[in-house]
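Below is one structure, written out as C-alpha cells; the observations come after it.
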Amino acid sequence: MSRPDLSRKEHLRTIAVAQVEHDEPRKRLRLQGHENLPFVDVLLPCCGEPAEVIMDTVRAACALDYPISQFRVLVLDDGRSSQLQQSVTELQSQYPHLSYHSRGRQSGQVFAKSGNLNYALTTLQQKIEPEFCAILDADSIPSPDFLRAILPHLLQTPNSALASARQHFSNLPEGDPLCQSRNHFYTCQNADFDMLGHAFDAGSGAVFRRKAIVDVGLYPTFSFSEDWQLSHMLHGMGYRTMLVQEELQFGLVPSSLSGHIAQRKRWNIGNSQQISVLFSKDLADIPRSLRLRITLDGFDFVLGELGCFLGFAAIPFLFLAGEVVPATLPPVFNLQFVLALLQLLSTWVYECLQAASTGFRSTPFAHLENKWLSGGKSNHLAVTLCLSES
Amino acid sequence: MTVVHGYDVLELPQDRRILRGLQYSNPLSYAAKAALWSGYLYVSVRFLSIAFAPSWRWQVWVMFVVENVFLCECPCHLHGCAGLR
C-alpha cells in the first residue's frame, strides 16, 4: 500500500499538465542560413578531467554546424592544466574561434563551476557580449546541429531564458541497471515541466540568453547544483525555460557503482543546500518569495528522502510488533480494503499509461528507480546539514 | 519553412514515439485523478477508523504515520509544482 503512494507527486503533475492548453508536443526545429545568425559563446567549464576527454568535446564544439564568425568556443579550465592548454593552443590553428582561459588553479574550491561560468560571463565577455551562451560539460559531445536545433526555440519565445537538451550517454551499460539514462526524468517529469513552461536545466547542453542570466544575478553559488538553482531563479523571475528532447549531446555516466553513488550524493547535497537560502544574509538581493520557494523545495526534498528511508526501515518492525490495523466493524474494514485496492489498481493503471504516453521510452514506476539509495542519501544529508551548522 | 523574428526555421518530422504517446494523454489524466482521490478517501477512512477505535495502540498510529510519510505532500510542493496555483 505504501509504495503506490510514492506516485502522488506524479499524479499531481500530470493533472497540472492536463489543465494547460497545448495542442502538440515541442516541435523539432532547425535554424537555417549562414548570414546574420545570433552570436553564441560555447562555454566548456572543466577542472581536472582527462585532457583527451575534454579535447574530444572541444573538437566537436569547434566543428558545430554554425558560421565560425558567429560563435566562439571558450575552454574554461579551473584545473590550470598545461597539457590541456597546449592541446587547445595546437588546435587554434585549425579553429581560430577557439580559446583557452583559466582564472588560476581552483581545485577544491566550493561552487567552482558556478564561479567559473560567472567569470566567463563577467570578465571574458566584456568586449564581445554574445546574445546567447551554451554550456557543455567536459565530457558532453554535442551533435553538429546542436545550436541550430536549440536556438529556434529560444528565438520563437520572447520571454524564454534557457533551453536545455536532454542528456544522452555513450557508455551506458547494457540494460542500464542503475537507471543512469534518467529516462523517466526526461520523458515524463521534465517533459511535463516543459509543457508548463518551467523545465529544469540538468546542467550540460543548455543554451541561454546571456541577458536573462545577468538579470537574475548570474549563476547561483549557494548550491552544488547550480543548474537546478538557476532554473529556480529564472522561474521565479518570470522567465520561461524549455527542454528539447532530441539527441543533441552525448556524455559519459560514472562507470562504477561508487561513482554513481558519489554523483547522486553531490546532487542530493546540492538540493539540501537550498534550505539555507531563506536564512542567508548574502542572498538578500533575491526576492523573499523566491527564496521561500527555493527553501521549501529543499525541505520537501530532504523530508522526502528521510521519510522514504524511515518508512521502509519501519515496515518490518511494524509487522513484528503485532496488530497494526485497529479492530473495527467489518463494513469499515471492508471499505478500507476496497479503497486500498482501488488506489493500488488506479496507480498501476496510471503508471502503465504514463509509460505508454512516452512511447514506452520510460517504464512503470521508473520514478522509484533510485529510492534504494534513500538510506545513503539520508546519511549524506544529515552529515552535510550538521557540518554546515557547525 | 517558417520565419521567426527574421530567421528561417525549418520544422522536421516529429518523433513517432512521441506522436504515438499523445493518444494516452487524456486517459492518463483521468487515471491520475482516480489514483489521487482514491488515496484521499482511503486515508480519510483509515484515520477515522483509527481515531474511533475502541482502544488505541501505538503500533496502529505508527503504521498510519508510515503510510502517510509516503503519501504526505508538503504543501510547498504544490506551490513549487509549476502550474498549480
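All values reported here derive from a predicted model rather than from experimental measurement. Labels below follow one simple rule: chain letters A, B, ... track the order of the sequence lines, proteins then strands, and each chain is numbered from 1.
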I need the minimum non-hydrogen distance between [X] and [Y], along with the two atoms involved.
X        : Y        : answer
B:Gln59  : A:Leu318 : O-CD2, 3.9 Å
A:Gln32  : B:Leu10  : NE2-CB, 3.5 Å
B:Ser29  : A:Ile15  : O-CG1, 4.4 Å
A:Ser346 : B:Ala35  : OG-CA, 3.1 Å

Looking only at heavy atoms and a cut-off of under 4.5 Å, which of [options] has the most pairs with chain A?
options                            : result
B:Val45, B:Leu36, B:Val62, B:Ile50 : B:Leu36
B:Phe52, B:Tyr24, B:Trp37          : B:Tyr24
B:Ala32, B:Ala31, B:Ala53          : B:Ala32

Using modelled atom types only, decide if a donor and an acceptor are shared between the side chain of A:Arg28 and the backbone of B:Gln14 within a distance under 3.5 Å.
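Not at all, since once roles are kept as given, no pair shorter than 3.5 Å links the two residues.
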Considering only heavy atoms and a distance below 4.5 Å, find which of A:Gly359, A:Ser357, A:Ala314 pairs most often with chain B.
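Maximum pair count with chain B is reached by A:Ser357.
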Atom group of [X] that falls short of 4.5 Å from chain B, counting heavy atoms:
X        : answer
A:Ala356 : both
A:Asn36  : backbone
A:Arg26  : backbone
A:Leu345 : neither
A:Pro158 : side chain

Atom CD in A:Glu35, atom CG in B:Asp8: separation rounded to 0.5 Å?
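Rounded to the nearest 0.5 Å, the CD-CG separation comes to 11.5 Å.
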What distance separates B:Lys33 NZ from A:Leu12 CG, expressed to the nearest 0.5 Å?
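CG of A:Leu12 is found 12.0 Å from NZ of B:Lys33.
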Just list the side-chain donor-acceptor pairs under 3.5 Å for residues 329-342 of chain A, sequence neighbours left out, or say none.
from	atom 1	to	atom 2	distance (Å)
A:Asn334	ND2	A:Pro330	O	3.2
A:Gln336	NE2	B:Ser49	OG	3.2

Evaluation steps, side-chain contact (heavy atoms from CB on, under 4.5 Å), between A:Arg361 and B:Ile18
CA-CA 9 Å; A:Arg361 290 175 294 161; B:Ile18 295 177; 3.5 Å; yes
Please classify the contact of B:Arg46 with chain A as side chain, backbone, both or neither, using a heavy-atom distance under 4.5 Å.
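Both parts, backbone and side chain.
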